[in-house]
Every structure is written in structure tokens, then in C-alpha cells.
*Asks:* 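Please read through the structure below; I'll follow up with questions.
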Amino acid sequence: MSVALFEPYTLRSLTVPNRVWMAPMCQYSAETSGPNAGVAHDWHFAHYAARATGGAGLILVEATAVSPEGRISPADLGIWNDTQVEALRRITGFLKQHGTVPGIQIGHAGRKASTKRPWQGRGPADASEAWQPVGPSPVAFAEDHTVPTELTVERIQEITGQFVAAARRALEAGFEVLEVHGAHGYLIGEFLSPHSNHRTDAYGGSFENRTRLALEVVDAVRAVWPEELPLFFRISATDWLEEQGWTPDETVRFAALLREHGVDLLDVSSGGNGGPAKIPVGPGYQVPFAARVRAETGLPVATVGMITESRQAEKILANGEADAVLLGRELLRDASWPRRAARELGATISAPPQYAWAI
């Protein structure tokens, strides 16, 4: 009897050894200034190496900023210079050596930029580290956040160019999957949602206008990302704000467009754009959004959110609700979750020889 969770999965010319993937999760641990700002160091290497030896089929490295002002916090990873590329290459080399596909999420934090690290509390970063955030409209994420500067069309185009440069650097760094971050109320997601996008020009108002930046970034990145390698897009399927925000119906409509524009898989999450959102959090609470996209558009999907048990994950795949599961906090709790799941489900999974002889 086959176990869906541990079957390989092929997108374009790339085959991922299993369907247990690591979701991008910021570590907020890079240096904040100087020549090593945004550079991955020993913490990042150890963090990702542990999940690779733990059996994850694909690891999506945390949201990595396309520019200094695109960081969520001053301590975010970046991919705007060659020093950052060299440090990331050390990580991708180790992941490939141990059979894990290295991927990276590139993004711009928009109006949610220049904030404290989560364990320091909410709100803007300390004055010594802060900068002025930007966004589609001069509307703050929350009362304790800075009002962003509204982007001009020229600056929007400049940011699109920064995504392109980041994609090129990601390839140089050895990544084999690229994900554009359009979720959780960061810049691209801010443009998608009428809750945060109050513009009256070609980038605001109608569905076509609000999706314009996302599709321009996808087109520009797809043009420089190799044809044989997959491109992912992460989306918040809903803001949980009903008609005031981005909706599940718009996600399905947009997913069909993304497929036409060369996106190979939609990474389906939700929320993160502020407002009076009431989120019914529970095990697998975001799975129905992914399942609907897959059923109505044919675009492959990965699902995420409170997936913690091996049989839960297996059922999602066996039912055809997703093509892969992305684990977030559960992989922080247990770096070897894939190995435990394989044992519980009666599947086999490779291990480094240093472990395999003993296991």
C-alpha cells in the first residue's frame, strides 16, 4: 500500500522526493546593519540543515527581502547583494547533498516593514534601526504601526525590478524553487486587497487593477527564472474580512490567471492583512481553500496551517485536497517530523548514513 505523503512529486523537470515540505518561517536573526546586514549565518545553516536531515522533501527558506526597505524587521534575511548570495549557497549545497530540494520565498513587506522582532512585541522597530515603510496607499496596518508612504508608479516598477534581481540571485545561490510572497498582508497582498489598496489609478479599484502588480511581478520573474524550474506563489485565500477584503472567490479567479502566467503551484494560506478579522483557527482550517483552488482551476496546490499529525496530513493528500503539505510550527517543534510520520504510516524514507546505520 502506497503512502501519498511519501510519494515523489514532479513539477516541470524537478522531482521532490516526498510531499512533506517546510513552510517559510522568518527567523529574524540576521545582522541588522553593516556589510553583513541580511546575511544568513550559522543559525540559519543549522536551522535548515536540521530539517533537511530530518527528511523534509522541500524546504522554502523564510521570506527573504528583495531590498533593505522590504524587510519585515531589521533582522530579516535579504537577497539584494552578492554577500547574501554566497551565504545562502552554503545552505542550498547542504540541502541538495542530503536529498532535500532548496526553495526560497522572496518578498517585500510593504506597510508591515520596519517592525520589531516578534519576541520584542508589536509595532515599529526601535528608532535606531527603523525606516519609513511604503505601501499601495497611506493606510497603516494597525494603530501601532507607521503610516506608509504611498508608492508612485515609478517606485512600483522599481520594486518589480528588485524582484527580478532577487530571482536571478536566488538561482545563483543554488535554489531550485522560487516562491513569490503574495500573502499575509505584505506588499503584493496589500495591492490585492481593497482593505489596504485604496488607489484610483491602474493599480487600484477593480480586480484587474488590484492584481496588476502581482501579475507583473510573476511575468517579470518567470522571464528570468529557468523554464525547467518551478515557480510558486503564496497567497492568503481570504483576509477573513468578507466583502471588505480579498475573498476566496477572488483567489480562485486569480489562481486561474497565475496558472496562465506560468505559476506552477499555489501555496495557500490566509489572513495577515489586519482589520477586524475573525479567524476560525483549528486543525487544517485552511485546507478547504486549497482544495477549492485545485478542484476549480487544476492548478497544483500546497496547504498549510495546523497540520500536526501524520494521518491528518496523509488524509489531505489521499482525498485529493492538496498536492503537498507545508509544515510550519510543527517543524519548529520537531525537526524530524517527516521521519516520525514515515514510521507511523509504514513508509520508508532515506536518512544520512551517519544516522541510517543506527536507525
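Predicted model, so just to flag it, every value in this text is computed and none were measured.
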*Asks:* Are the side chain of Thr251 and the backbone of Ala237 linked by a donor-acceptor contact shorter than 3.5 Å?
*Replies:*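 Yes; at least one donor-acceptor contact below 3.5 Å.
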*Asks:* Check for a donor-acceptor pair, side chain of Arg210 on one end and backbone N or O of Leu192 on the other, with a separation under 3.5 Å.
*Replies:*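 Yes, Arg210 side chain to Leu192 backbone: donor-acceptor pair under 3.5 Å.
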*Asks:* Tyr9 versus Trp21: any side-chain heavy-atom pair under 4.5 Å?
*Replies:*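 Heavy-atom side-chain distance check passes, below 4.5 Å.
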*Asks:* Any pair with a residue in residues 133-146 that passes side-chain hydrogen bond (donor to acceptor under 3.5 Å, both in side chains), sequence neighbours left out, goes on the list, sorted by first then second residue, please.
*Replies:* Arg122-Asp144
*Asks:* Checking the side chain of Arg111 only, and the main-chain atoms of Gly185 only, is there a donor and an acceptor separated by less than 3.5 Å?
*Replies:*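 Such a contact is absent between Arg111 side chain and Gly185 backbone.
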*Asks:* Taking the side chain as every heavy atom from C-beta outward, state whether Tyr285 and Met306 have any atom pair closer than 4.5 Å.
*Replies:*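 Touching, per the 4.5 Å side-chain cut-off.
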*Asks:* Looking only at side-chain N and O atoms, does His184 offer a donor or acceptor that is under 3.5 Å from a partner on Ser269?
*Replies:* yes
*Asks:* Quick one: are the ring centres of Trp80 and Phe163 less than 6.0 Å apart?
*Replies:*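 So the answer is no for these two rings.
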*Asks:* Side chains of Glu7 and Ser2: do they bring a donor and an acceptor to under 3.5 Å?
*Replies:* yes
*Asks:* As an exercise, state the distance from CZ of Phe233 to CD of Gln105, rounded to the nearest 0.5 Å.
*Replies:*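 Interatomic distance, Phe233 CZ to Gln105 CD, rounded to 0.5 Å: 10.0 Å.
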*Asks:* Does the side chain to side chain contact (heavy atoms under 4.5 Å, CB included) test come out yes or no for Arg19 and Phe6, once each step is laid out?
*Replies:* CA-CA 6 Å; Arg19 316 289 183 101; Phe6 293 98; over 6 Å; no
*Asks:* Working to the nearest 0.5 Å, report the span between CD1 of Ile72 and NZ of Lys116.
*Replies:*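 The distance works out to 15.5 Å.
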*Asks:* Salt bridge (Lys or Arg N to Asp or Glu O under 4.0 Å) between Glu309 and Lys315: does it pass, once the steps are laid out?
*Replies:* CA-CA 10 Å; Glu309 302 298 330; Lys315 184 178 179 181; over 6 Å; no
*Asks:* Taking only residues at least two apart or on different chains, which pairs with a member in residues 286-299 satisfy side-chain hydrogen bond (donor to acceptor under 3.5 Å, both in side chains)?
*Replies:* Asp249-Arg292, Ser270-Gln286, Arg292-Glu296, Arg294-Asp323
*Asks:* Inspect the contact between Glu86 and Arg89 and indicate whether a charged nitrogen and a carboxylate oxygen are less than 4.0 angstrom apart.
*Replies:* yes
*Asks:* Could you check whether any side-chain heavy atom of Leu317 comes within less than 4.5 Å of a side-chain heavy atom of Glu321, counting everything from C-beta outward?
*Replies:*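 No, their side chains stay 4.5 Å or more apart.
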*Asks:* Might you point out which heavy atoms bring Gly57 and Asn18 nearest each other, and give the distance in Å?
*Replies:* N-OD1, 3.1 Å
*Asks:* Would a distance-only check, ignoring hydrogens and angles, find a side-chain to backbone donor-acceptor pair under 3.5 Å from Arg222 to Gly262?
*Replies:*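 Checked: pair present.
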*Asks:* Quick check: closest heavy atoms across Trp131 and Ala113, and the distance to 0.1 Å?
*Replies:* NE1-CB, 3.9 Å
*Asks:* Are Trp337 and Ile349 connected, step by step, through hydrophobic side chains (Ile, Leu, Val, Met, Phe, Trp, Tyr) whose heavy atoms are closer than 4.5 Å?
*Replies:* yes
*Asks:* Is the number of heavy atoms from other residues, nucleotides or ligands within 6.0 Å of CZ (Arg340) greater than 12?
*Replies:* yes
*Asks:* Hey, are the side chains of Asp264 and Leu299 touching, using non-hydrogen atoms and a 4.5 Å cut-off?
*Replies:* no
*Asks:* Quick one: do Ile91 and Val16 end up in the same hydrophobic cluster if we chain Ile, Leu, Val, Met, Phe, Trp and Tyr together by side-chain heavy atoms under 4.5 Å apart?
*Replies:* no
*Asks:* Hey, does the side chain of Lys96 reach the backbone of Gly174 with a donor-acceptor pair shorter than 3.5 angstrom?
*Replies:* yes
*Asks:* Would you say the side chain of Ser206 lies within less than 4.5 Å of the side chain of Thr211, judging by non-hydrogen atoms?
*Replies:*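 The answer is no; the side chains never approach within 4.5 Å.
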*Asks:* Can you tell me if Ser236 uses its side chain to pair, donor with acceptor, with the backbone of Gly271 under 3.5 Å?
*Replies:* yes
*Asks:* Can you pull the side-chain hydrogen bond (donor to acceptor under 3.5 Å, both in side chains) pairs that have at least one residue in residues 59-68, sequence neighbours excluded?
*Replies:* Tyr48-Glu62
*Asks:* In chain order, what residues pass the ring-ring contact (aromatic ring centres under 6.0 Å, His included) check against His195, with sequence neighbours excluded?
*Replies:* none
*Asks:* Any link between Val153 and Ile159 through a network of hydrophobic side chains (Ile, Leu, Val, Met, Phe, Trp, Tyr) touching at under 4.5 Å?
*Replies:*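 As far as the 4.5 Å side-chain criterion goes, Ile159 and Val153 are connected within one cluster.
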*Asks:* Using only atom types and a distance under 3.5 Å, with no angle test, would you say the side chain of Thr160 pairs donor to acceptor with the backbone of Ile156?
*Replies:* yes
*Asks:* Are any of the side-chain heavy atoms of Leu332 and Met25 separated by less than 4.5 Å?
*Replies:* yes
*Asks:* Less than 4.0 Å between a side-chain N and a carboxylate O, is that true for Arg234 and Asp267?
*Replies:*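 Arg234 and Asp267: salt-bridged.
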*Asks:* Looking only at non-hydrogen atoms, find the nearest pair between Asp334 and Leu331 and report the distance.
*Replies:* O-CD2, 3.5 Å
*Asks:* So does Arg212 pair up with Glu208, basic N to acidic O under 4.0 Å?
*Replies:* no
*Asks:* Kindly give the heavy-atom pair with the smallest separation between Leu327 and Ile307, and that separation in Å.
*Replies:*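 Taking every non-hydrogen atom into account, CD2-O, 3.3 Å.
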*Asks:* Could you walk me through whether His98 and Phe94 pass ring-ring contact (aromatic ring centres under 6.0 Å, His included), step by step?
*Replies:* CA-CA 6 Å; His98 292 281; Phe94 186 90; 4.3 Å; yes
*Asks:* Any chance you could lay out the ring-ring contact (aromatic ring centres under 6.0 Å, His included) test for Trp240 and Phe289, step after step, and finish with the verdict?
*Replies:* CA-CA 12 Å; Trp240 299 104; Phe289 300 124; 5.5 Å; yes
*Asks:* Decide yes or no for Val139 and His198: does some side-chain heavy atom of the first lie under 4.5 Å from some side-chain heavy atom of the second?
*Replies:* yes
*Asks:* What are the two closest non-hydrogen atoms of Ala290 and Val301, and how far apart are they?
*Replies:* O-CG2, 3.6 Å
*Asks:* Within this structure, what is the OG-CG distance for the pair Ser29 and Asp76, rounded to the nearest 0.5 Å?
*Replies:* 9.5 Å
*Asks:* Before accepting this row, confirm whether a basic side-chain N of the pair Glu69/Arg155 lies closer than 4.0 Å to the acidic partner's carboxylate O.
*Replies:*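 Yes.
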*Asks:* Is a side-chain N or O of Arg199 found less than 3.5 angstrom from the main chain of Leu151, in a donor-acceptor match?
*Replies:* yes
*Asks:* Taking atom types as modelled, is there a side-chain donor on Gln132 or Thr149 under 3.5 Å from an acceptor on the other?
*Replies:*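 The criterion, which ignores hydrogens and geometry beyond distance, is satisfied for Thr149 and Gln132.
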*Asks:* Val325 and Leu58: same hydrophobic cluster, using ILVMFWY side-chain contacts below 4.5 Å?
*Replies:* no
*Asks:* What is the minimum heavy-atom distance between Ile59 and Ala52, and which atoms define it?
*Replies:* CD1-N, 3.7 Å
*Asks:* Cation-pi between Arg253 and Phe207: NZ/CZ under 6.0 Å from ring centre and within 45° of the ring axis?
*Replies:* yes
*Asks:* Could you check whether any side-chain heavy atom of Val218 comes within less than 4.5 Å of a side-chain heavy atom of Leu231, counting everything from C-beta outward?
*Replies:* yes
*Asks:* Are the side chain of Thr303 and the backbone of Ala322 linked by a donor-acceptor contact shorter than 3.5 Å?
*Replies:*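 A pair under 3.5 Å: no.
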*Asks:* Does either side chain, that of Glu344 or that of Ser310, offer a donor lying less than 3.5 Å from an acceptor on the other one?
*Replies:* yes
*Asks:* Anything under 30° is parallel, anything over 60° is perpendicular, the rest tilted; go ahead and classify Phe254 against Trp246.
*Replies:* perpendicular
*Asks:* Treating Asn197 as the side-chain partner and Phe191 as the backbone partner, does any N or O pair qualify as donor plus acceptor under 3.5 Å?
*Replies:*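 Yes; at least one donor-acceptor contact below 3.5 Å.
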*Asks:* Test: salt bridge (Lys or Arg N to Asp or Glu O under 4.0 Å). Region: residues 166-194. Which pairs qualify, not counting sequence neighbours?
*Replies:*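 Passing the test, one end in residues 166-194: Asp82-Arg169.
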*Asks:* Could you note down all residue pairs passing salt bridge (Lys or Arg N to Asp or Glu O under 4.0 Å) where residues 41-52 supplies at least one of them, sequence neighbours left out?
*Replies:* Asp42-Arg90
*Asks:* Should Ile104 and Leu14 be regarded as members of a common hydrophobic cluster, given that ILVMFWY residues are connected when their side-chain heavy atoms come within less than 4.5 Å of each other, either directly or indirectly?
*Replies:* no
